[in-house]
Amino acid sequence: ALDNLGKSKQAIQVLEKCVNLENDTNKTTIAMAYYTLAKIHSQFSNYPLAIESFHKSIQVEPYPSVYYSLSTIQNFLNQKEESLQSINCAIQLNPNNGDYHYAKGVTLYELNRFSESKNCFEKALLLNPKDEDAR
């Protein structure tokens, strides 16, 4: 909520306090706090802290959306193989998400692995026939 009000620095402080209460808080809350921290850090282009927070979130409780977001940052930073590993984890946890297959296809395309990329785009279209980007 604070982040949506443009108070990102205050949000970071609150979230850091939350994750430091690990023993008193449930796993989902802690994982989502790390995820939110990662998203805020990435908004400020603080990618090392964003990646660290994504990894902490995954360690607490792996969610496909966290792997997907991590993959996006890694791809942006030209960490293609790491991005591919992260998106594969997202797909393993949620194989029916067309966006994940599309993201994998983009990364494979950028690695000049065109045949594999095409397969991913086809899978994305199968899961989401209205996806214009996957065409």
Side-chain angles (χ1 to χ4, degrees):
L2 287 171
D3 184 43
N4 291 337
L5 295 172
K7 299 182 178 185
S8 298
K9 291 183 182 181
Q10 288 175 306
I12 289 171
Q13 292 171 344
V14 170
L15 291 164
E16 286 175 344
K17 286 180 184 177
C18 176
V19 296
N20 288 326
L21 299 172
E22 284 192 37
N23 294 334
D24 300 329
T25 311
N26 74 42
K27 286 172 47 172
T28 301
T29 301
I30 295 167
M32 288 298 103
Y34 278 125
Y35 176 71
T36 304
L37 269 172
K39 297 294 265 185
I40 293 170
H41 287 309
S42 66
Q43 287 174 351
F44 286 106
S45 301
N46 191 342
Y47 300 118
L49 279 178
I51 289 172
E52 179 183 329
S53 295
F54 282 131
H55 282 293
K56 286 180 178 180
S57 176
I58 290 164
Q59 287 174 341
V60 173
E61 193 165 352
Y63 285 100
S65 58
V66 179
Y67 278 112
Y68 174 73
S69 295
L70 174 60
S71 173
T72 302
I73 296 291
Q74 291 166 323
N75 196 34
F76 175 75
L77 295 174
N78 207 30
Q79 299 171 354
K80 303 297 182 191
E81 292 298 333
E82 294 88 344
S83 175
L84 197 54
Q85 290 174 358
S86 296
I87 200 63
N88 280 335
C89 290
I91 290 169
Q92 186 176 20
L93 292 169
N94 186 357
N96 295 320
N97 186 309
D99 292 338
Y100 300 165
H101 290 278
Y102 175 78
K104 181 177 179 179
V106 168
T107 302
L108 288 166
Y109 185 86
E110 292 170 347
L111 288 168
N112 298 320
R113 293 165 60 178
F114 303 118
S115 177
E116 293 172 87
S117 176
K118 181 182 176 201
N119 291 338
C120 291
F121 293 141
E122 288 172 351
K123 179 72 174 184
L125 279 173
L126 182 67
L127 294 169
N128 187 3
K130 295 180 182 179
D131 188 344
E132 292 295 321
D133 291 331
R135 292 182 187 275

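Atom CG of residue N96 and atom CG of residue N128 lie 12.0 Å apart, to the nearest 0.5 angstrom. With rounding to the nearest 0.5 angstrom, the CG atom of L127 is 8.0 Å from the CG atom of N97. Rounded to the nearest 0.5 angstrom, I40 CD1 and L49 CG are separated by 12.0 Å. Rounded to the nearest 0.5 Å, atoms OG (S71) and CD (E82) are 10.5 Å apart. Interatomic distance, Q85 CD to N88 CG, rounded to the nearest 0.5 Å: 8.0 Å.
Across all their heavy atoms, A50 and S42 have their closest contact at CB-N, 3.8 Å. Considering all non-hydrogen atoms of both residues, S69 and Y35 come closest at OG-OH, 3.3 Å. Residues H41 and S53 approach most closely at CD2-OG, 3.8 Å, considering heavy atoms. For the residue pair A90 and P64, the shortest heavy atom distance occurs at CB-O, 3.4 Å. For the pair P95 and H101, the tightest heavy-atom approach, listed with the atom from each and the gap, is O-NE2, 2.9 Å.
Annotation: side chain of C120 is not in contact with side chain of Y100 (no heavy-atom distance under 4.5 Å). With contacts defined as side-chain heavy-atom distances shorter than 4.5 Å, the pair F54/Y34 does not qualify. Within the 4.5 Å cutoff, side-chain heavy atoms of L93 are placed close to those of P62. Annotation: side chain of L111 is in contact with side chain of E81 (closest heavy-atom distance under 4.5 Å).
Taken together through direct or relayed side-chain contacts under 4.5 Å among Ile, Leu, Val, Met, Phe, Trp and Tyr, I87 and L108 form part of one hydrophobic cluster. Tracing side-chain contacts under 4.5 Å through hydrophobic residues (I, L, V, M, F, W, Y), one never reaches L84 starting from I51; they form parts of separate clusters. Cluster membership check: V66 shares its hydrophobic cluster with F76, using side-chain heavy-atom separations under 4.5 Å among Ile, Leu, Val, Met, Phe, Trp and Tyr.
No donor-acceptor pair closer than 3.5 Å links the side chain of K104 to the backbone N or O of S117.
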- Query: When you look at I58 and Y67, which way does the side-chain contact (heavy atoms from CB on, under 4.5 Å) test go after all the steps?
  - Reply: CA-CA 8 Å; I58 290 164; Y67 278 112; 3.1 Å; yes
TODO: For side-chain contact (heavy atoms from CB on, under 4.5 Å), just list the numbers for V106 and F121, CA-CA rounded to whole Å, side-chain angles, deciding distance to a tenth of an Å, and then say yes or no.
DONE: CA-CA 8 Å; V106 168; F121 293 141; 4.1 Å; yes
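Annotation: salt bridge (charged side-chain N to carboxylate O under 4.0 Å, His left out) contacts of E61 (sequence neighbours excluded): none.
The aromatic rings of Y109 and F114 sit perpendicular to each other, their planes meeting at more than 60°, with 30° as the lower class boundary.
Annotation: Q92, atom CD; neighbour count of heavy atoms from other residues, nucleotides and ligands within 6.0 Å does not exceed 12.
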